[in-house]
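These numbers were taken from a predicted model, which means no experiment stands behind them. So you know, we letter chains A, B, ... as the sequences are listed, proteins then strands, and number each from 1.
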Protein chains: 2
Amino acid sequence: MTTSANGRRRPPTIHDVAREAGVSRGTVSRFLNGGHYVSPAARRAVEAAIRKTGYVVNRHARSLSTGRSDSVAFLLTEPQEKFFEDPNFNVLLRGCTERLAQHDIPLLLMLAASDDDRRRLTRYITSGHVDGVLLVSSHSGDPVAAELRDAGIPLVACGKPLGLGSKVSYVAAADRDGAQEMVRHLLAGGRRRIGMITGPLDTPGGTDRLAGYRDVLAEAELPYDPALVVEGDYRRTGGEQAARRLLAQAPDIDAVFVASDLMAAGVVNALHQSGRSVPDDIAVGGFDDSAAATAVTPALTTMRQPYDRISAEMVRMLLAQIAGEDTAGVILPTELVVRDSA
Amino acid sequence: MTTSANGRRRPPTIHDVAREAGVSRGTVSRFLNGGHYVSPAARRAVEAAIRKTGYVVNRHARSLSTGRSDSVAFLLTEPQEKFFEDPNFNVLLRGCTERLAQHDIPLLLMLAASDDDRRRLTRYITSGHVDGVLLVSSHSGDPVAAELRDAGIPLVACGKPLGLGSKVSYVAAADRDGAQEMVRHLLAGGRRRIGMITGPLDTPGGTDRLAGYRDVLAEAELPYDPALVVEGDYRRTGGEQAARRLLAQAPDIDAVFVASDLMAAGVVNALHQSGRSVPDDIAVGGFDDSAAATAVTPALTTMRQPYDRISAEMVRMLLAQIAGEDTAGVILPTELVVRDSA
DNA sequence: CTGAAAGCGCTTACAG
DNA sequence: CTGAAAGCGCTTACAG
């Protein structure tokens, strides 16, 4: 640290390092940026000088010079604060933060709750303040993915953005396969009247998991009964309400496949309140393997979404895009986790 | 947008705005920074030019020039990932992000899980990459608060950092008062053998809530029985285990005050498994009023921590510090929320 | 492999 | 109230 006239500490600059090492600033910079065209002797001198001065690069200066910001946005666009209350969110956010930290890239957290927020943030992002965006937004009505894509911003979505086809890179779990596996598991347990509580049907997780459910019904030559299907909203209370609706429409169900653990926790509650036991009267299968799965009694049998891999993959793809590579959609497998509820 | 030779879009600069408005760059900058010493005519011209060009300030250039970063870190130092699994975390993080967004200040999320992380981040922070830090770290063993304070970084902690006295600004809930109110509520419900499951006793929430419990016992002239007190870890499973210990040590309790809702959810589970009904056999009082409170059955009677106010206050204080003002500790009141568990 | 120098886009005394 | 200019700390062709 150098102390300037006013007594405030001024961090050492590349200039201090250069002087200390007896080389030019250009050489220090070259060392900092990969060490190409730096002689071993110069390298050693610079290394020592950096250690001695405690030099840390000034990222603002670097960014101004390179045009890159070396930072990434984690953009959450959920008007309903839905995802934010979901334990999955934490896992994803944490995973992305850690992965980015490994590359020394700070994560800027951005919340777009209103249209105003969205406009402000889109503007901020497209002005080059971040190099890329990790987008968490499930609703198809959300224009932000298209806006960012059109602006040429490197972008990876969590979950397939509906309606954008393959135009936006994304990482998603194998929703349809996972749903199939869960319903087969329910069938294998001897259940025959299997209800389903879906996610919002304007989300891929909503439609794909429903599709998987129908696939297996057909496969087992069981009729598809619309009265057995209720749309939920991925929230706990929504799960409770949906379960009550389902029970009213089809009191004879012996199992229910619920498209998220958080909803499933609500379903178990509602079932208990209606006097049914889980899994004896009604088996419950969830989806996610989030913290909600083990917080209820009985613990949920569920499809594990590999959130660690999802966040790792999102970061990997985003960095690849920033480096100029093309990336596409990635689907990661889910895994059946058998606990007590089914 | 101006299109440069290579076809990539180059965002408009202050120079483009100045040319468009027919003024100098200095005038545009002055307009941007409060509009002092800018004539009404110049102001109008600049406003129009900004609209027309779609100008957005380049924050890297500004930061390089001013020495401020106009960004803030949200630093979470919980080796145990404990807080991250707590629903309170979301509320706090969300609140801070929103408040900062109102001031157009991005939040950088930083996770210090290991000592290595901590060193890296401290270095990053003290190098001027952020203007201040919102610190979430309850453990007294954590050296990060002292390090940042010694480096002169504006800093506001969530919860009183133990051992640092009044040297670090913080925002906390009135833990002791809140605990008192809850135990009085239990007493008012006719309970006399009241157990307690505390938070970790190296945290202020751990010690202060226990102190409040003891206050009211003394006030009611009830003996303090160490067998009635078990230390928990703020986690759900920790709550379950603590409840079993408590039941073994004191099977005759008729109430238990639990220092967090997440633990209390585990406690309710354990109580049910032991065949006790809540609240008939044993009343359960929680703390936080987090999402966990309404996720269990019966819903928890709890002390509400005003997280919205806490995050608002943290941001306000941090911005004040960055502006050069002195700030101190702020204690916010908690509020009894009566539901079904007590 | 290395140094000198231009340039990134802004802010801010300074002179007028 | 306004403009010209220096300077923030870095990177990167360029010439050697």
Side-chain angles (χ1 to χ4, degrees), chain A residues 1-2 4-6 8-46 49-50 53-71 104 127-129 131, chain B residues 1-2 4-6 8-46 49-50 53-71 104 127-129 131:
Chain A
M1 289 283 183
T2 315
S4 65
N6 64 11
R8 285 255 280 165
R9 284 183 189 158
R10 187 174 59 72
T13 70
I14 209 174
H15 188 91
D16 300 316
V17 175
R19 182 157 19 81
E20 181 69 35
V23 299
S24 76
R25 293 180 290 159
T27 298
V28 176
S29 180
R30 264 175 240 119
F31 168 84
L32 256 21
N33 291 284
H36 304 302
Y37 303 106
V38 178
S39 67
R43 181 171 53 67
R44 278 191 298 275
V46 171
I50 287 178
T53 54
Y55 173 77
V56 176
V57 68
N58 180 321
R59 299 173 86 110
H60 302 304
R62 171 179 284 175
S63 292
L64 181 56
S65 185
T66 61
R68 279 176 283 110
S69 78
D70 292 319
S71 66
D104 210 28
S127 300
H129 289 118
D131 293 337
Chain B
M1 289 281 183
T2 315
S4 65
N6 65 9
R8 286 255 280 164
R9 283 181 190 161
R10 186 172 60 72
T13 70
I14 209 174
H15 188 90
D16 299 316
V17 175
R19 182 156 18 79
E20 181 70 34
V23 300
S24 75
R25 293 179 290 158
T27 299
V28 176
S29 180
R30 263 174 242 120
F31 168 82
L32 255 21
N33 293 282
H36 303 302
Y37 304 104
V38 178
S39 67
R43 181 172 54 67
R44 279 191 298 274
V46 171
I50 287 178
T53 55
Y55 172 77
V56 176
V57 69
N58 179 322
R59 298 172 87 110
H60 302 304
R62 171 180 284 175
S63 292
L64 181 57
S65 184
T66 60
R68 280 176 283 110
S69 77
D70 292 319
S71 65
D104 208 27
S127 300
H129 289 118
D131 293 338

Note: V38(B) and R30(B) closest approach over all heavy atoms is CG2-CB, 3.8 Å
Pair T13(A)-R25(A), side-chain contact (heavy atoms from CB on, under 4.5 Å): steps then yes or no:
CA-CA 10 Å; T13(A) 70; R25(A) 293 180 290 159; over 6 Å; no
Which atom pairs link the protein and nucleotides 3-5 of chain C when you take only N or O atoms and keep those under 3.5 Å?
{"unit_1": "dG3(C)", "atom_1": "OP2", "unit_2": "S24(A)", "atom_2": "N", "d": "3.0"}
{"unit_1": "dG3(C)", "atom_1": "OP2", "unit_2": "S24(A)", "atom_2": "OG", "d": "3.0"}
{"unit_1": "dG3(C)", "atom_1": "OP2", "unit_2": "T27(A)", "atom_2": "OG1", "d": "2.7"}
{"unit_1": "dG3(C)", "atom_1": "N7", "unit_2": "R30(A)", "atom_2": "NH2", "d": "2.8"}
{"unit_1": "dG3(C)", "atom_1": "O6", "unit_2": "R30(A)", "atom_2": "NH2", "d": "2.8"}

For dT12(D) versus dG16(D), give the span between their C1' atoms, rounded off to a whole number of Å.
16 Å
Side-chain atoms of Y37(B) come closest, of dG9(C), dC10(D), dC1(D), to dC1(D)
Looking at S69(A) and G128(A), what are the two nearest heavy atoms and their distance?
CB-O, 4.0 Å
Between T27(A) and A42(A), the two heavy atoms sitting closest are CG2-CB, 4.2 Å
P atom, dC1(C) versus dA5(C): distance in rounded Å?
23 Å
Of the candidate nucleotides dT2(D), dC1(C), dC10(D), which contains the atom at the shortest distance from the side chain of V38(B)?
dT2(D)
Looking at every non-hydrogen atom in both residues, tell me the closest pair between T53(B) and P12(B) and how far apart they are.
O-CG, 3.3 Å
Base of dG9(D), side chain of S65(A) - is there a donor-acceptor contact under 3.5 Å?
no
Could you please name the partner base of dC1(C), counting Watson-Crick and G-U wobble pairs only when both distances are under 3.5 Å?
dG16(D)
What is the minimum heavy-atom distance between H60(A) and L64(B), and which atoms define it?
CB-N, 4.1 Å
Which of these nucleotides, dT2(C), dG9(D), dC10(C), is closest to any side-chain atom of N58(A)?
dG9(D)
Does a nitrogen or oxygen in the side chain of S39(A) sit under 4.0 Å from OP1 or OP2 of dT2(C)?
yes
